[in-house]
Amino acid sequence: MEKNHQAIEKKWQNRWEEKGVFKAINGSEKPPYYILVEFPYPSGAGLHVGHVRSYTAQDALARMKRMQGYNVLYPMGWDAFGAPAEQYAIKNHIHPKEAVKENIATFKKQMKSIGFSFDWDREFSTTDPDYYKWTQWQFLQFYKHGMAYKEKVPVNWCETCKTVLSNEDAAGGVCERCGSRVVQKEKSQWMLKMASYSEDLLKGLDDTNFADKVKLGQINWIGKSVGAHVDFKIAHHDLTFTVFTTRCDTLYGATYCVLAPEHEYVDIITTQDKKAEVDAYKKACALKNDLERTELNKEKTGVFTGAYAINPVNKKEIPIYISDYVLATYGTGAIMAVPAHDDRDYEFAQKFNIPIIQVLEEVTGTPHDGEEKKNSIVAIVYDEKEKKYLTLNWGKKGGRLFIGGTIKDKETPLECAKREIAEETGYTSLELIKELPKINHHYYAYNKDKYFNIESTGYFFKLKDNSKIEQNLDEDEDFKVEWVSEDVISKEIKDELHMRTYEYAKNPGAMTGDGIHINSEELNGLNKEDAINKMISWLEQNHCGKKQVNYKMRDWIFSRQRFWGEPIPMIYCEKCGWVPMDEKDLPLLLPDVAEYEPTDTGESPLAKITDWVNTTCPKCGSPAKRETDTMPNWAGSSWYFLRFMDAHNNEEFASMDAMKYWQKVDWYNGGMEHTARHLLYARFWVQFLYNIGLVPNKEMIWTRVSHGMVLGSNNEKMSKSKGNVINPDDIINEYGADTLRLYEMFMGNYEQDAPWSTDSLKGCKRFIDKVIRLKDKVGSKTGYSKDLEALIHKSIKKVEYDLTHMAYNTAVSTLMILANAYEEKEELTKDDYHLLLILLNPIAPHITEELNEELGYKPLTEETWPKYDETKLVDSEVGIAISVNGKLRNTIKVPVDSSKETLEELAKNDEKVQKHLEGKEIVKIIVVPNKIVNIVVK
RNA sequence: GCAGGUAUGGCGAAAUUGGUAGACGCGCUAGACUUAGGAUCUAGUGGAGCAAUCCGUGGGGGUUCAAGUCCCUUUACCUGCACCA
């Protein structure tokens, strides 16, 4: 008895629409529940099976919540401004709004054919004048509260798209849209003061229930770092510049400073003899875009200005360089460089031969009371020809070590190292490659029964030739001198000090970790944290610095030189400057024209439409010109979830009453790729509206979750060029919307990517057919079948839990298990079957409604979600695992809640278990009721 | 380089607090019913072995009566950020 899914699905979709069963009612008595999916950009390609996955997931939740008595708001709309529609329009010479209209119609038809329970009454597009009127209105609020300003800034400029890109759009120095290289260009742009919200955006996360990875993404993007400002005077100038550092504890190790090439002092302080070189370098940097800068980060570049800065802590003069590894846009555009403790500075210092002063030494070993202090050395000698290292094999006494020794009076560490090598091994012909960072080591010497704390200096030598003198050993020195390979060293050298010294020799670089300070006067002996605090107090007392917090996040560049975006409602008047449009004149409509190509000068196509551009100043009435830039794509999506709460309001963007009723988006689903940008913009926008009293909460989104992608069957991202695209329309035609929905819920972990499999899809079709067949078993009895009761109650609990915890795949498998149990039975009660239909309805709404109607029940959209009974969740019998020494030996069936003693007896006397107990002594028996018995034997 | 994530049969994957690894589905094998099967049903299906049994959650170590799950270490892949001082 084959069902015609196409007819059934159409029938129920029409019925739902006629009855308006999915309408959310503002101010309803029922508790509100707001479920949101990111509204799509209606592309020409139509709905993607990826959309189906997340919309179905949220739809299942919405349908269950409705049955549970909630007033559910599950809206849908269109984020339709943006480049693709504009490109399409340029190509085909039609207005982008025509293309958008067509695409929306396609999307909407597809969505309806899948049976999503959207409240279509609240539908809108960001391109509707009724909507973007409020986007413009909100921009004016930003402006009026001093949060929007126009400024000439170096911006990311895409030569191909002829537009400015935000840092977010130009991540990695590549245009997000067209993939071409981004160059730097000075342009006057509208900016929103987002950076000033950094701390609030960080703190606000505490008032959300975002997934941890989402929160972390936001935290990283905001990029807070706590440090200090330090003022450096410039020698022979009456000038001071400030650097930002998180490591003011290393000030004594600062051996040079670097200014960004764009820094305002560069021209002033550069000495005559350096001027040509500095100018050339500045010019070269200006030509580089972000990508080239990063590409070249393998090799540091820079130029000495000829000027010197005075280190405030020790009054030493240190050279000032300029280099593009210092960014003009972060911190103060200037740094103090501590090559011993910063990787980048180390690299630069190496290249330019700048001194490296260690001010922090790593600590190894464990401190102990009553330690004796010593200074000592560890010498590593390398034979390049043989590729071997010189070691001393102390046998059982001390294992394998490099050469070590204590520094004698009036001996330098280097002399000590050479002496020890000669005495212990005889080798004398050595070339010093490198002095290694000092290490602070704690250890216990068995031969002397004493604890030591040593400061060890490492030396790395190369063996020049084999010339030797005779060894000169102490009595207690009993070792073999052996040359060994790297392998042997990594296996046999266990001593922490020697191993760390060896690692320093092999991988020279900065020591960026914690330790104790040296060469730092009053900071000596302190760890990193204490030294930072002490230094900050010192800087503040001496008025040459202070504690300072910095953020990576910058202000939001809010202009685009495009046609297809919200016009920025600002007017430029020669007399009055920038004047905001009168609010009552909004919306400022996009004109209808035939040419959308951007201009070569980087102005928006709107600039060519003189009728539109020329206007009068709202303030003084003189002739004036409109702003021709439009808003970025992210503008409309920054507040759309507020509009859904009150979509038809002509007086306000949304009334306070409506927003107070819905409170927050309870459950917001979107792609992981939007966690940094869209979500941050939206939160910033909302926080601003809250601060001016226009929304009820500082955070308007409670839970944010993200979904994995649906990949092609070859495990690659679906794309036309790879030919692995699945069109949902085809699947619906052949298998039905319910099958598609069911499969997409079943395909895998919702938060992870999952490949498409048409075979698995067929399995889901079979399951639906099975549910249809089960109807033949339904008899006239009511109430649940006794032997199914426990499983039924378990299933209700599990499905309910899974749908609210994004475990859709296991919700489906639970239903499959239930159906399998039904199939075993000769006869089912009406209630047995009705229950299965209710539980399955959120995921497969059409077929369940149909079967439900055939059974004579009221529609499932009016049904109440069943309640499970905790007391009926357990079976009367339970399987107990019996293991011996943790290995499973048998499983037995016992009445549920059998006592520990009973289980222990049963386990010991079990035939299969006894075999493993023979001749052994029982040490311990662990009994976990209703789970496991583990017998430990010897 | 930094941060985050993932790693379990031939495949997609399960395993709420450490407690019977592989639920559920796909595929595969054999059989039944059939003119036919891409329908349905029955049985089987992690590996080795006739079996008892042994081995199995990327690799190595550890904690525990007991580890996919906790700790240390290491590898591979994915994603995001990338000179952020």
Side-chain angles (χ1 to χ4, degrees), chain A residues 2 171-173 212-214 216-217 219-221 223-225 227-228 243-248 250 258 290 293-294 296-298 300 323-327 329-338 341-345 347-348 550-554 672-673 675-676 708-709 713 715 742-743 746-749 751-764 766-767 769-770 773 798 801-802 805 807 809-817 819-820 823 879-892 912 915-916 923-928 930-937:
Chain A
E2 187 72 0
D212 284 346
K213 60 176 175 181
V214 175
L216 203 70
I219 290 167
N220 288 342
W221 197 274
K224 178 177 183 170
S225 69
V243 304
F244 174 69
T245 176
T246 54
R247 292 298 304 276
C248 64
T250 62
V258 187
D290 274 356
R293 278 195 174 197
T294 40
L296 292 173
N297 78 16
K298 291 162 212 138
K300 292 271 179 294
S323 171
D324 67 358
Y325 84 92
V326 172
L327 307 175
T329 45
Y330 181 77
T332 59
I335 63 157
M336 66 176 209
V338 184
H341 303 288
D342 181 281
D343 291 322
R344 297 152 296 180
D345 299 344
E347 201 185 321
F348 192 87
N550 244 308
Y551 302 90
K552 278 197 260 186
M553 196 172 71
R554 328 246 168 100
M672 202 53 205
E673 69 277 14
T675 55
M709 272 187 298
S713 50
N715 241 309
L742 194 75
Y743 168 62
F746 187 58
M747 70 195 312
N749 184 323
E751 290 182 275
Q752 282 167 16
D753 295 352
W756 181 269
S757 159
T758 300
D759 277 339
S760 281
L761 175 89
K762 285 177 191 165
C764 291
R766 262 179 238 165
F767 170 67
D769 290 343
K770 182 185 278 185
R773 277 200 314 274
K798 178 78 174 141
Y801 179 93
D802 285 352
H805 290 80
N809 53 342
T810 49
V812 175
S813 75
T814 300
L815 295 167
M816 286 173 169
I817 291 167
N820 288 346
E823 211 179 26
I880 299 283
I882 307 172
S883 59
V884 179
N885 283 351
K887 286 191 174 165
L888 181 70
R889 293 306 172 191
N890 198 12
T891 57
I892 53 169
K912 284 190 189 165
K915 258 201 292 192
H916 297 276
V923 182
K924 203 170 165 188
I925 300 182
I926 290 115
V927 183
V928 183
N930 293 331
K931 283 257 163 76
I932 195 169
V933 180
N934 188 20
I935 304 172
V936 187
V937 297

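Per chain, numbering begins at 1; letters A, B, ... match sequence-line order. Excluded from the calculations below are hydrogen atoms, water molecules and symmetry mates; all remaining heavy atoms, backbone and side chain alike, are included.
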Checklist outcome for this item: In 5'-to-3' order, the base (B), backbone-only (S) or no-contact (-) status of each nucleotide in nucleotides 40-52 of chain B, using a 4.0 angstrom heavy-atom cut-off, is SS----------S
Item to check | For B:G9, glycosidic torsion class - syn if within 90° of 0, otherwise anti | outcome: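 Glycosidic conformation of B:G9: syn.
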For [X], which contact category applies under a 4.0 Å heavy-atom criterion: base, sugar-phosphate, or nothing?
| X | result |
| --- | --- |
| A:I817 | sugar-phosphate |
| A:T246 | sugar-phosphate |
| A:N809 | sugar-phosphate |
| A:G331 | nothing |

Ignoring backbone atoms, establish whether [X] has a side-chain N or O less than 4.0 Å from OP1 or OP2 of [N].
| X | N | result |
| --- | --- | --- |
| A:K887 | B:U53 | no |
| A:K924 | B:C65 | yes |
| A:N220 | B:G80 | no |
| A:Y330 | B:A85 | yes |
| A:N820 | B:G25 | yes |
| A:T810 | B:A13 | no |

Checklist entry - Quick one: which of B:C81, B:C83, B:U53 gets closest to the side chain of A:W221? => result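 Among B:C81, B:C83, B:U53, the one nearest the side chain of A:W221 is B:C81.
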Checklist entry - Choosing from B:G27, B:C24, B:U53, which nucleotide comes nearest the side chain of A:D759? => result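 Output: B:G27.
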Item to check | Gap between atoms CD and P, on A:Q752 and B:U8 respectively (whole Å) | outcome: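 The answer, rounded to whole Å, is 11 Å.
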Item to check | d(CG, A:D753; P, B:G4) in whole Å | outcome: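 Whole-Å distance recorded here is 20 Å.
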Item to check | Side-chain H-bond candidate by donor/acceptor type, A:S883 with A:N934, under 3.5 Å | outcome: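 Yes, A:N934 and A:S883 have a side-chain donor paired with an acceptor closer than 3.5 Å.
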Item to check | A:N820 and A:K770: side chain donor to acceptor below 3.5 Å | outcome: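 Side-chain D/A pair, A:N820 to A:K770: present.
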